[in-house]
Amino acid sequence: MFSGLLIVLLPLIGGYLLRVRSPRLLELINRGVSASVYLILLLMGVSLAGLENLAGQLSTLGGSTLVLFSITMVFNLAALGWLSRRLTLKAGASNVVENAPTSKLAAIKGSLLLLVTVVLGVVLGLLLAPLWGRELFTTADLLAEWALYALLVLIGCQLRNSGMALKQILLNRLGLAIAATLAASSLLAGLAAAPLLSLTPFEGLAMASGFGWYSLSAILIGDQLGPLLGGVAFFNDLARELLAFVLIPLIIHRHAPLAIGVGGATSMDFTLPVIQLHGGVACVPVAVVSGFILSLLSPPLILFFLSL
């Protein structure tokens with residue numbers, strides 16, 4: 001039962017065991033992660049093109065995404081709102097965060113490029129299908145699987161060499177509390193959404209375990225449950241990030257833990273510039289720790305639930 005879990009977890013663990021000290025090599029790893037994500041999402045789009053009754057399937061994808069996202073946000077906002085009333089974190093003046101995206105526009109542009117990549121994959125699949133037949137989609141699935149293994153090795157390297165010391169994480173209790181609250185409420189939402197999406201409870205838990213890391217959740221879910229549910233996972237987590245861009249400036253001065261938590265795993269990268277701009281320096285370490293923990297939890301949780 002756990003063989004599939006081990007096959008995918010081993011590259012992640014192997015990458016995490018690699019200590020990289022060369023800044024140039026770390027830069028190559030970061031570029032490799034980005035390239036792998038785009039490649040796999042392109043191949044996921046090609047696989048989507050191979051679905052029978054594509055228009056009807058895309059309609060199902062949109063409806064399923066709306067259901068999952070709505071339920072997840074209700075659970076997340078309620079839980080994080082409860083946490084915000086019990087924990088104190090004062091937002092302050094803005095400060096500069098090193099290596100963060102420079103603006104909301106730059107971060108949103110990166111998200112939309114991933115969306116465009118999936119659409120291009122669908123178009124490419126429709127154009128090539130008359131020439132290659134069903135073999136095109138089999139080949140795309142195989143290439144995506146091998147690209148996934150390579151991506152997991154690189155992600156493991158990234159997590160190990162992110163500069164986050166274990167002591168630094170464990171001492172930031174607010175970051176830990178936000179991450180735990182977001183994770184627990186998301187998993188409850190997955191259980192609640194599962195029967196509405198005709199999924200098993202474990203599949204619902206897997207769908208809810210992306211925590212906003214849309215590029216990875218789409219790849220892992222799509223590899224195990226097919227391109228349609230991979231697409232649902234992608235759009236569900238992408239919508240979380242886009243909603244976070246809107247909510248953070250509006251609520252961070254009154255409910256800082258809620259504003260940090262709503263972006264999930266993206267609070268350590270894509271939504272970090274919005275958090276630091278409107279929440280100030282006090283919010284930055286909390287956001288980074290929360291996002292890091294959720295990023296660390298997401299892959300093994302998805303794979304674990306898919307193996308059951």
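Taking CD1 of Ile293 as the start and CE of Met268 as the end, the distance is 10.5 Å to the nearest 0.5 Å. Atom CD1 of residue Ile302 and atom CG of residue Leu216 lie 5.5 Å apart, to the nearest 0.5 angstrom. Rounded to the nearest 0.5 Å, atoms CG (Leu174) and SG (Cys283) are 8.5 Å apart. One finds the CG atom of Leu25 at 9.5 Å from the CG atom of Leu18 (value rounded to the nearest 0.5 Å). Taken to the nearest 0.5 Å, the NE2 atom of His255 stands 14.5 Å off from the CD1 atom of Ile248. Taken from CH2 in Trp146 to CG in Leu39, the straight-line distance is 14.5 Å, to the nearest 0.5 Å.
When all heavy atoms are compared, the tightest approach of Gly212 to Asp237 is N-OD1, 3.0 Å. Here the closest non-hydrogen pair linking Pro299 and Trp213 is CG-CZ3, 3.9 Å. Closest approach of Thr271 to Ala244, counting heavy atoms only: CG2-CB, 4.0 Å. Looking at every heavy atom in both residues, Ile29 comes nearest to Cys157 through CD1-CB, 4.0 Å. When all heavy atoms of Ala218 and Leu41 are compared, the closest pair comes out as CB-CD2, 4.2 Å.
No donor-acceptor distance shorter than 3.5 angstrom exists from the side chain of Ser34 to the backbone of Asn30, with no hydrogens or angles considered. Although no hydrogens or angles enter the test, the distance criterion places no donor-acceptor pair under 3.5 Å between the side chain of Ser209 and the main chain of Ser298. With hydrogens and angles disregarded, a donor-acceptor distance shorter than 3.5 Å links the side chain of Ser70 to the backbone of Leu66. Between the side chain of Ser267 and the backbone N or O of Gly263 there is no donor-acceptor pair closer than 3.5 Å. Between the side chain of His253 and the backbone N or O of His278 there is at least one donor-acceptor pair closer than 3.5 Å.
Taken together through direct or relayed side-chain contacts under 4.5 Å among Ile, Leu, Val, Met, Phe, Trp and Tyr, Val119 and Phe235 form parts of separate hydrophobic clusters. Residues Val37 and Leu143 are members of separate hydrophobic clusters, defined by side-chain heavy-atom contacts under 4.5 angstrom among Ile, Leu, Val, Met, Phe, Trp and Tyr.
The shortest distance between side-chain heavy atoms of Leu258 and Leu83 does not fall below 4.5 Å. Counting heavy atoms from C-beta on, the side chains of Ile219 and Met44 never come closer than 4.5 Å. Side chains of Arg240 and Thr72 form a contact here, defined as non-hydrogen atoms less than 4.5 Å apart. Contact check for Tyr38 versus Leu113: side-chain heavy atoms found under the 4.5 Å cut-off. Leu80 has its side chain out of reach of Pro257: every pair of non-hydrogen atoms, C-beta onward, lies at least 4.5 Å apart. For the pair Leu243 and Met73, the minimum side-chain heavy-atom distance is below 4.5 Å. Put simply, the side chain of Val33 reaches to within 4.5 Å of the side chain of Leu151, judged on heavy atoms. In this structure, Asn76 and Leu182 have side chains that are in contact, with non-hydrogen atoms separated by less than 4.5 Å.
Counting non-hydrogen atoms of neighbouring residues, nucleotides and ligands closer than 6.0 angstrom, the CZ atom of Arg21 reaches no more than 12 such neighbours. Counting heavy-atom neighbours within 6.0 Å of Arg24 CZ, excluding the residue itself, gives a total of 12 or less.
Here salt bridge (Lys or Arg N to Asp or Glu O under 4.0 Å) pairs that include residues 121-132, with residues two or more places apart or in two chains, number zero. Residues in residues 118-129 take part in no side chain to side chain donor-acceptor pair (under 3.5 Å) pair, two or more places apart or across chains.
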Going through the checks in order, is the side chain to side chain contact (heavy atoms under 4.5 Å, CB included) test met by Ile275 and Val284? CA-CA 7 Å; Ile275 292 171; Val284 171; 5.6 Å; no
Going through the checks in order, is the side chain to side chain contact (heavy atoms under 4.5 Å, CB included) test met by Val232 and Thr60? CA-CA 9 Å; Val232 173; Thr60 301; over 6 Å; no
Verdict with supporting geometry, Leu229 and Leu197, side chain to side chain contact (heavy atoms under 4.5 Å, CB included): CA-CA 10 Å; Leu229 289 178; Leu197 301 176; over 6 Å; no
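With a 4.5 Å cut-off between side-chain heavy atoms of Ile, Leu, Val, Met, Phe, Trp and Tyr, the cluster of Leu128 takes in Val46, Leu124, Leu131, Trp132, Leu136, Phe137.
Note on ring orientation: taking the six-membered ring where Trp is involved, the planes of Phe202 and Phe305 are parallel (angle under 30°, cut-offs 30° and 60°).
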